[in-house]
Amino acid sequence: MKVSDKIRKAESERRCFWSFEYFPPKTDVGVVNLFDRMERMYMLGPEFIDVTWGAGGTTSDLTLEICTTAQSVYGLETCMHLTCTNMPREKIDIALEQAKKAGIQNILALRGDPPRGQENWTKVDTGFAYAVDLVRYIREKYGDYFCIGVAGYPEGHIENPDKEADLLHFKAKVDAGADYVVTQLFYDVDVYLDWVKRVRAMGITIPILPGILPIQNYSGFKRMTALSKTIVPQFILDDLEPIKDDDQAVKDYGVRLAIQMCTQMKEAGQMGFHFYCLNLERSTRLTLEGLGFVAPREQVRPLPWNPSLGKNREKETVRPIFWRNRTKSYIMRTEAWDEFPNGRWGDSRSPAFGDIDGYGVRLKYPAQECLQMWDHPETLAQIAALFVKYCSGELPSLPWSDSPLQGESDVLSKRLITVNANGFLTINSQPSVDGALSSDPVYGWGPKNGFVYQKAYLEFFISPAQLDLLVDRIRQHPFLTYYAVNKDGDLRTNTKGDSPNAVTWGVFPGQEIVQPTVVEGSSFLAWKDEAFELWNQWSLLHGSDSPTHKLLQGIRDSWFLINVVDNNYKSRFAIYDILDEIAAQTATSVAH
Ligand SMILES: Cc1cc2nc3c(=O)[nH]c(=O)nc-3n(C[C@H](O)[C@H](O)[C@H](O)COP(=O)(O)OP(=O)(O)OC[C@H]3O[C@@H](n4cnc5c(N)ncnc54)[C@H](O)[C@@H]3O)c2cc1C
Ligand SMILES: NC(=O)c1ccc[n+]([C@@H]2O[C@H](COP(=O)([O-])OP(=O)(O)OC[C@H]3O[C@@H](n4cnc5c(N)ncnc54)[C@H](O)[C@@H]3O)[C@@H](O)[C@H]2O)c1
């Protein structure tokens, strides 16, 4: 059924309605668990669900697979996103044909963001330049078969400083045959309501669904709103300030704020709401409950679960005794098993694992800004010097680190500077923590009155020759475990099996131990593609014949990415000591 028909029906029955957006998970297990979550969230009665299209079609097969399963197995009315990025006409034809075959009748037609490594949008040969062209094409080719949604921007699209022109381009998409609109997320309801008024005044009558993203954690919220330049009313910043170190309190606030925003919109006549769930369940459910749209959890009868799911968790060892002989996992039965953490890399089994928007890997700043920050390095020493500058706070960002080092890294910064100067290019670290209060402004996370722990962790790029020396040294340190992999997937490790190694855990009143951050082979392998792709993205800022391009590509093609965990959580600098020893042995200080 078409989304537009469903919306019309809900409106004619004068009832509020809602939809959920998911993105293709990074790992196979994440996909299985996403289906599990979709099944649970089916109970929340979404009118339809959306699945995003990875930037440049990077997830096209998976997007289609998830859409097909959601539509045919779970009976969820499904809308497939489709973008023009890197999509020649033939590929668009294939995607639309496959969607049609799978019984999908709804497409959110988008332009997409500029292709990787490019600042400005350019269309590919035989492709489309704007969403309006895609809308027009789908209408021409498929008539009324597809219901077409388009994106709306209450604050204006970030690339177009001329807000009036932007609005006219938006109108052109509607005139070309769009059936409904989903907006970019926002936090200022007045801005949204004002935009809707202006849109209506232009004679646009199709349904508009506001995009709602309940705040999930403080640093993620700050980072995301800064990057996309989203307007955040001062009262939200004021409300968050005193609770920013209490993750649970921030999540609860996010739900209260979403309820407040939806209530204000409802009072102004809004009936439909689109939730960016980020593949998580809890905040969306609580928001719907708070609005009185769904009954509180206890009153909802669960669906009989699909026994074909969850096989992968049969060997799970942590579960209550009464589930010992059941194949369906205990953890997957609970809605919140992967709610923490939000920014820190989490459990690859979570459907939410991976990047926050699900649109794909890219440098987080426009090309011009990247070039200003990172210049034209032509030697390894110059690359290492950039990492050193980042760790000393002189450079705000690196391709793998979009904001400056966090407070927890202060105790490490001197050691980080040294290892980077020695050519071990670090991208991620955490110091060991032996029982800090969960409200600690530097190390704390999770609900208050708890204690948090961490094992020392360091992740860096290393040359193949240095890797051999390091692996040799690690053999003499029984507390150290590592995973190292190159671009082609050549994996080396001293771990046995792939059960997750908890590197952050918390002990809170009245709860089980929470272990939000794990290191495991499968998530590392999922992440490594992104990590190596960022070398490529960086190289694309430079002409293909330039020494910088060749240097960056060379590192991408031959170096390893390694993570090392010191399982003695009371020890702080063992990893750094070893790296310093190797550097002294080979006299490889590369950055001056
Ligand atoms: C609800 C929603 C879902 C999204 N889902 C995805 C997703 O699944 N995958 C993904 O990669 N991205 C997704 N995005 C991001 C989206 O692709 C980007 O925001 C992209 O930059 C713009 O896409 P658009 O379809 O709005 O583009 P358009 O409507 O084509 O507009 C893009 C820009 O071009 C300008 N413009 C439009 N027409 C013309 C014209 N004729 N001449 C000159 N200028 C013009 C507009 O003012 C605007 O600045 C989503 C965004 C939203 C709001
Ligand atoms: N290791 C994995 O298996 C894995 C899996 C998924 C994602 N990731 C990636 O890991 C990155 C970190 O995720 P996050 O949200 O926890 O980030 P974050 O911003 O919270 O950084 C994590 C920690 O690393 C430190 N750090 C940042 N840049 C550093 C650098 N260049 N050298 C040394 N320390 C640095 C920060 O100060 C912070 O303490 C992201 O890019 C994420 O996509 C890693």
Side-chain angles (χ1 to χ4, degrees), residues 3 19-24 48-60 62-64 66-67 78-87 92 95 99 106-116 118-123 127-138 148-186 192 195 199 204 207-213 224 227-230 272-279 354-362 366:
V3 162
S19 50
F20 301 153
E21 182 172 308
Y22 301 102
F23 64 83
F48 65 97
I49 63 133
D50 282 41
V51 184
T52 62
W53 187 260
T58 42
T59 63
S60 56
L62 191 51
T63 297
L64 196 75
I66 295 170
C67 286
T78 302
C79 171
M80 184 177 91
H81 292 201
L82 182 60
T83 73
C84 308
T85 310
N86 287 343
M87 292 286 283
I92 299 234
N106 304 289
I107 302 288
L108 193 76
L110 300 144
R111 186 199 68 176
D113 283 319
R116 287 175 174 167
Q118 274 186 35
E119 188 173 5
N120 298 318
W121 173 264
T122 45
K123 78 180 187 76
F128 300 116
Y130 297 106
V132 63
D133 305 322
L134 181 57
V135 175
R136 211 172 276 135
Y137 181 72
I138 300 174
I148 305 176
V150 288
Y153 300 84
E155 297 174 19
H157 185 253
I158 193 164
E159 282 171 33
N160 199 338
D162 183 343
K163 302 291 170 224
E164 286 313 309
D166 189 46
L167 213 49
L168 289 173
H169 293 316
F170 170 72
K171 185 171 187 306
K173 291 196 279 197
V174 177
D175 293 344
D179 295 302
Y180 71 102
V181 180
V182 180
T183 77
Q184 177 71 299
L185 60 92
F186 57 87
Y192 169 73
W195 179 78
V199 166
I204 294 172
I208 299 176
L209 307 186
I212 312 292
L213 174 57
M224 184 263 303
L227 284 176
S228 53
K229 301 194 166 68
T230 309
F273 303 90
H274 182 78
F275 287 91
Y276 293 106
C277 312
L278 301 182
N279 293 2
D355 56 6
I356 200 94
D357 58 8
Y359 300 156
V361 195
R362 53 177 176 263

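In what follows, every heavy atom counts, from backbone to side chain, and hydrogens, waters and symmetry copies are set aside. Ligands are counted one by one from 1 in listed order, and the atoms in each one are counted from 1 as well. These figures come from a predicted structure and were not determined experimentally. By convention here, the first residue in the shown sequence is residue 1.
Residue Val182 has at least one heavy-atom neighbour below 4.0 Å for each of these atoms of ligand 1: 1 (C). For ligand 1, the atoms closer than 4.0 angstrom to any heavy atom of Asn160 are 47 (O), 49 (O). Annotation for ligand 1: atoms under 4.0 Å from non-hydrogen atoms of Asp113 are 17 (O), 18 (C), 19 (O), 20 (C), 21 (O). Atoms of ligand 1 lying under 4.0 Å from at least one heavy atom of Thr83, given by number and element, are 9 (N), 10 (C), 11 (O). Atoms of ligand 1 found under 4.0 Å from any heavy atom of Thr52 (numbered from 1 in listed order, with element): 8 (O).
Looking only at distances, no side-chain donor or acceptor of Lys173 sits under 3.5 Å from a matching main-chain atom of Tyr130.
Distances from ligand 1 to the non-hydrogen atoms of Leu108 include at least one value under 4.0 Å. For the pair Gly211 and ligand 1, no heavy-atom separation below 4.0 Å is found.
Aromatic ring orientation, Phe170 versus Trp195: tilted (interplanar angle from 30° to 60°). Ring geometry for Tyr137 against Phe128 counts as tilted: the plane angle lies between 30° and 60°, on a 0 to 90° scale.
Residues Val135 and Ala178 approach most closely at CG1-N, 3.9 Å, considering heavy atoms. Here the closest heavy-atom approach between residue Leu209 and residue Tyr192 is recorded as C-OH, 4.5 Å. Closest approach of Pro210 and Thr183 over heavy atoms only: CA-OG1, 3.5 Å.
Here the rule is side chain to side chain contact (heavy atoms under 4.5 Å, CB included) with Cys67, and of Ile107, Leu62, Thr78 only Thr78 fits it.
Distances between N or O atoms of Trp53 and those of ligand 1 include at least one value under 3.5 Å. Here's the thing with Arg111: one of its N/O atoms is less than 3.5 angstrom from an N/O atom of ligand 1. Taking distance alone, with nitrogen or oxygen atoms compared against 3.5 Å, His169 approaches ligand 1 more closely than that limit. Considering backbone and side-chain N/O atoms, Gly112 comes within less than 3.5 Å of an N/O atom of ligand 1.
Between the choices Ala109, Ala131, Ala129, the shortest heavy-atom distance to atom 30 (O) of ligand 1 belongs to Ala131. In this comparison of Ala151, Gly149, Gly54, Ala165, the heavy atom closest to atom 53 (C) of ligand 1 sits on Ala151.
Under 4.0 angstrom from ligand 1, the non-hydrogen atoms of Tyr276 all belong to its side chain. Contact annotation: for Tyr153 versus ligand 1, heavy atoms closer than 4.0 Å belong to the side chain alone. For Lys173, every heavy-atom contact with ligand 1 shorter than 4.0 Å involves the side chain, none the backbone.
Under the salt bridge (Lys or Arg N to Asp or Glu O under 4.0 Å) criterion, Lys171 pairs with Asp175, sequence neighbours left out. Residues satisfying the side chain to side chain donor-acceptor pair (under 3.5 Å) criterion with Thr230, sequence neighbours excluded, are Ser228.
Checked for salt-bridge contact, Arg136 and Asp133 meet the test: a charged N lies under 4.0 Å from a carboxylate O.
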